[in-house]
Q: 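Following this message is one structure expressed as structure tokens.
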Amino acid sequence: MSEQKERASQNNPDTRAQALARLLLRPARGSVWQAILLPVLAVFTALVIGALVIVFTDLQVLNLYKDFFSAPGKALAASWKSIASAYSALFKGSIGNPAEFAKAISVLRATGDAAPLRQAFWPISESLVTSVPYIFAGLAVALGFQCGLFNIGAEGQIFIGALASVYVGYSIKGLPQYIHLPLAFLTGAAAAGLWAAVAGVLKAKTGAHEVINTIMMNYIAFLLSDWLLNGPMKRPGYSPISPAIQDSAWLPKFFPDPLRFHAGFFVALGIAAVVYWLLFKTTIGFEIRSVGANPDAARYAGISVTRNFVLAMFLSGALAGMAGANEVLGVNHQLASAFSSGYGFDSIALALLGKSHPVGVVLAALLFGTLRSGATRMQSLAGVPIDIISILQALVIIFIAAPAIIRWLYRLRLEREVGETVFTRGWGQ
Amino acid sequence: MAPVLELRGITKAFPGVLANDHIDLTLEEGEILALLGENGAGKTTLMNILYGLYQPDAGEIFVRGKKVEIHEPNDAIRLGIGMVHQHFMLVPVFTVTENVMLGVESMRYGLFLDRRRAAAKVREISEQYKLEVNPDDYIKDLPVGVQQRVEIIKVLYRKADILILDEPTAVLTPQEVEELFKIIRSLREQGKSIIFITHKLKEVMAIADRITVLRQGRAVGTTTPAEATMERLAQMMVGREVELVVKKKPAKPGDVVLDVENLHVVDHRGNVAVRGVTFDVRAGEILGVAGVQGNGQTELVRALTGLLRPEMGRIRVNGVDVTHASPREILEQGVAHVPEDRQKDGLILKYPVHDNLILNTYYIPPFAKGVNLQFGEIYKAAAERAYEFDIRTPNVYVPVSTLSGGNQQKTIVAREFSRPVRLLIASQPTRGLDVGSIEYIHQRIVQKRDEGAAVLLVSPELDEILALSDRIAVMYRGQFVAILPAAEATRQKLGLLMAGVSVAEAEAAGQAPAPVEENPAL
């Protein structure tokens with residue numbers, strides 16, 4: 001083989017050490033900017049189109065367009081006003097009103113009364129509180145995607161996690177918080193993990209597609225929760241609500257009411273870091289991602305595809321379960337039926353927006369949480385229906401799923417990403 | 001008379017590469033022009049320009065002496081240029097006729113598909129050029145060779161008289177290649193002009209009237225089979241001298257490493273693919289398994305590597321029974337496997353080079369400590385492998401999908417050969433590779449043998465089997481019909497055995513003078 005080396009060294013006059021150094025040299029990273037450019041443009045474009053929808057659904061503004069040719073300024077000004085009031089209400093409702101902050105600070109200085117300041121911080125606190133279940137559920141779906149699994153069952157898994165957590169939360173009494181809270185939280189995660197693992201086992205053993213099974217198990221979870229809340233887990237009274245959990249199971253809050261911001265946010269960030277470490281820095285994640293990227297090659301390399309399907313579904317379910325546990329232990333402190341309002345379904349979109357990467361998921365979850373919590377304020381202040389937020393979310397998803405639109409719109413000459421996110425595989429594979 | 005097609009100064013740059021650099025090319029009426037070059041030499045880019053899929057940065061195209069602009073495939077088709085792609089563009093659940101009609105449907109009353117008229121036309125073309133295609137067959141039921149003929153019919157149906165065939169033999173068995181050559185000659189006799197893209201020297205010598213060689217985006221010369229030799233062509237193509245014959249010393253067989261007894265394997269469709277195969281491979285020898293593709297070789301290899309569970313029989317590696325062992329347990333016995341389909345089984349294309357180099361050793365120190373991957377070690381080892389095995393890559397962090405086929409294969413070879421190997425199972429290790437890479441991989445396999453590994457080489461390329469093997473087994477319909485020492489094997493005898501002729505008959509026929517042996521896998 002010495003001939004071979006000679007030849008290689010003839011072609012490459014550099015020495016072995018130089019060649020190794022060249023092979024190990026990391027290329028300049030333009031990729032971070034490229035990676036976030038598309039999602040950012042997608043969100044921006046969605047806001048622009050959303051603005052058009054706001055104008056076209058505002059009858060007063062539309063009426064002015066009848067006289068567009070005689071008085072174009074009037075129609076355009078009204079359109080602008082309509083858009084501006086909607087989006088500024090969205091901003092005030094989700095981040096806060098700068099004027100209110102200023103006023104609250106002067107009140108605090110003058111009287112020492114912190115209540116107005118808390119009021120000013122309320123919107124951003126609500127946004128963060130809403131983001132937390134999105135982070136957990138988004139991580140759940142993203143981890144599934146990394147293994148080539150399409151977990152549509154996050155919503156059901158949220159219910160299972162919430163049921164298990166609330167049960168541990170109210171039924172066990174007299175434990176110190178440092179035992180009771182983690183116990184309740186982890187029980188929720190474990191229960192939802194086992195619940196989701198059923199779909200993983202079915203896929204591994206019989207090839208049954210996880211999309212079908214997780215959808216079906218959603219219904220079982222919803223109805224199971226309805227039954228439990230109307231029967232065994234119902235508190236005395238008329239409404240289908242569970243008993244309140246013990247104080248020792250509460251996720252700590254940092255501020256007095258009305259601020260609901262609680263420790264769940266930091267738990268979520270911590271879990272996101274753990275997921276990142278697990279996926280990209282460990283052999284476990286190497287196996288999960290290999291199975292997701294190419295199951296044939298994974299099997300060839302001695303990785304058990306079936307075991308990883310079960311493991312990934314378990315972990316995905318556990319993360320979704322944490323979303324449920326978080327809502328029960330941090331926000332509601334009890335469980336009412338239909339409490340989740342679609343976090344699990346939104347999280348599919350969110351995982352796509354975040355490109356199935358933990359950092360992306362956290363950012364996307366913050367965006368979704370902000371939009372959702374600002375929407376209510378937008379409706380009450382600007383009279384723009386809350387559904388506009390659903391439209392914005394849908395547009396963002398369309399642009400992420402079809403990046404060609406964004407590339408075309410902005411004349412971007414981005415290099416095609418290698419193996420753009422695998423969402424799911426064909427039926428019965 | 002003006003040539004039927006002339007390209008002048010065609011230039012096309014992609015970011016970072018000059019794919020075509022002022023290429024001149026002429027095609028005379030009724031000739032077969034071979035466009036020869038290694039992977040990445042710019043053959044396909046040039047043809048895609050001609051077919052309107054790319055726009056050239058500079059240069060002119062003349063058809064029958066008239067300057068033309070080709071902006072899209074429809075322009076090309078109008079000018080009578082047709083292309084048969086390497087990867088077929090057929091709808092499996094449609095019939096031959098429906099596939100041929102697709103895009104140029106003939107209609108009745110402008111409303112209904114006129115299948116009957118189209119089918120008649122397909123039959124007529126098929127008979128005229130001896131294509132032997134039944135218009136009513138469904139594509140999914142047809143062998144690859146026939147599917148390719150459907151692609152040719154598609155082109156002829158659109159009245160093309162300049163045909164571009166892009167690596168048409170890459171997917172064919174040796175028999176199918178012969179049939180294709182007959183068809184190409186019959187097309188030439190009826191006045192069609194053909195551009196035949198390939199990197200296989202033997203095919204060029206067999207079929208071409210003229211040969212234009214491309215290297216690194218430039219046309220380095222034009223010659224004819226009469227004037228050129230394979231050595232000369234290989235040199236033009238690669239830019240240096242290439243050894244077409246693998247140099248190897250006689251084998252020194254040692255202990256039995258792989259021992260297979262009465263193995264039966266059922267494929268994924270439930271058909272018995274391997275029926276009672278018994279053989280052994282010793283340390284320091286290469287056993288070649290010859291046979292037309294689809295005679296059970298794939299299933300044999302999959303069973304040996306734990307990817308398919310045998311129905312019956314026994315497999316032992318180093319004396320350990322691994323009949324029902326998992327792929328990992330078998331790997332850990334020191335079995336290296338170069339898989340048949342490198343992109344499906346051998347690599348994770350979107351993973352960087354460094355991750356592909358540890359695909360089956362990621363969990364073993366020094367690459368992992370507990371569950372933690374040790375990236376420092378992984379990168380360092382990857383750079384060393386890339387250097388040692390001459391993997392041409394800018395660095396070890398780029399996705400392996402960005403490498404050429406030859407370098408992808410070298411990545412697999414680097415990974416498999418860098419573990420302690422006692423048994424090497426190599427399945428079609430040089431499929432689709434260019435001369436330089438084939439030479440390299442062959443040398444590496446022989447080197448492994450000389451280091452004392454047992455080698456099982458499976459290949460439908462007779463020439464590869466003959467070049468490397470110490471003993472040769474012929475597989476036919478799931479059985480080994482013969483195992484003979486390489487010295488007793490001739491191309492003719494093996495060819496007959498591969499076709500199912502009995503050993504005695506093949507022996508008798510084998511007395512005829514054998515053709516000169518070279519390494520035409522190249």
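Keep in mind that the numbers below use all heavy atoms, side chains included, and drop hydrogens, waters and symmetry copies. Every chain is numbered from 1 and lettered A, B, ... according to where its sequence line falls, protein lines coming before strand lines.
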Q: At a 4.5 Å cut-off on heavy atoms, which part of B:E332 comes close to chain A: side chain, backbone, both, or neither?
A: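 Contact with chain A involves no heavy atom of B:E332 at all.
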
Q: What distance separates B:L359 CG from A:I303 CD1, expressed to the nearest 0.5 Å?
A: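 Taking CG in B:L359 and CD1 in A:I303, the distance rounds to 6.0 Å.
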
Q: Checking B:N360 side chain against A:Y300 main chain: does a donor-acceptor pair fall under 3.5 Å?
A: no

Q: For B:Y362 and A:E287, indicate whether the former's side chain and the latter's backbone hold a donor-acceptor pair under 3.5 Å.
A: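 Judged by distance alone, no pair lies under 3.5 Å.
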
Q: Between chain A and each of B:L373, B:I391, B:N395, B:D355, count heavy-atom pairs under 4.5 Å; write down the option with the most.
A: B:L373

Q: State whether the side chain of B:Y397 and the backbone N or O of A:L24 hold a donor-acceptor pair below 3.5 Å, judged by distance alone.
A: yes

Q: Check the surroundings of atom CZ in B:R422: do more than 12 heavy atoms from other residues, nucleotides or ligands lie under 6.0 Å from it?
A: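 Not buried by this count: 12 neighbours or fewer within 6.0 Å.
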
Q: Ignoring hydrogens and angles, tell me if any N or O in the side chain of A:N294 forms a donor-acceptor pair with the backbone of B:D345 under 3.5 Å.
A: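 No; zero donor-acceptor contacts below 3.5 Å.
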
Q: Is B:E416 in contact with chain A via its backbone, its side chain, both, or neither, using a 4.5 Å heavy-atom distance?
A: side chain

Q: What part of B:H354 is in contact with chain A, defined as an atom under 4.5 angstrom from a non-hydrogen atom: side chain, backbone, both or neither?
A: neither

Q: Verify the neighbour count for atom CD of B:Q216: are there more than 12 heavy atoms of other residues, nucleotides or ligands below 6.0 Å?
A: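 Open: at most 12 neighbouring heavy atoms sit under 6.0 Å from CD of B:Q216.
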
Q: Do B:F367 and A:T283 have side chains that approach each other closer than 4.5 Å (heavy atoms only, starting at C-beta)?
A: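 Heavy-atom side-chain distance check fails, nothing below 4.5 Å.
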
Q: How many angstroms lie between atom NZ of A:K281 and atom CD of B:Q374, to the nearest 0.5 angstrom?
A: 11.0 Å

Q: About how many Å separate CZ of B:R302 and CZ of A:R299, when rounded to the nearest 0.5 Å?
A: 6.0 Å

Q: I'd like to know whether the aromatic ring centres of A:F280 and B:F375 sit less than 6.0 Å apart in this structure.
A: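 No - the distance between ring centres of A:F280 and B:F375 does not fall below the 6.0 Å cut-off.
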
Q: For B:Y351 and A:S290, run side chain to side chain donor-acceptor pair (under 3.5 Å): C-alpha distance rounded to whole Å, both residues' side-chain angles, the deciding distance at 0.1 Å, then the answer.
A: CA-CA 9 Å; B:Y351 272 14; A:S290 299; 3.1 Å; yes

Q: With a 4.5 angstrom heavy-atom cut-off, is it the side chain or the backbone of B:T393 that approaches chain A, or both, or neither?
A: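 Interface part for B:T393: both.
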
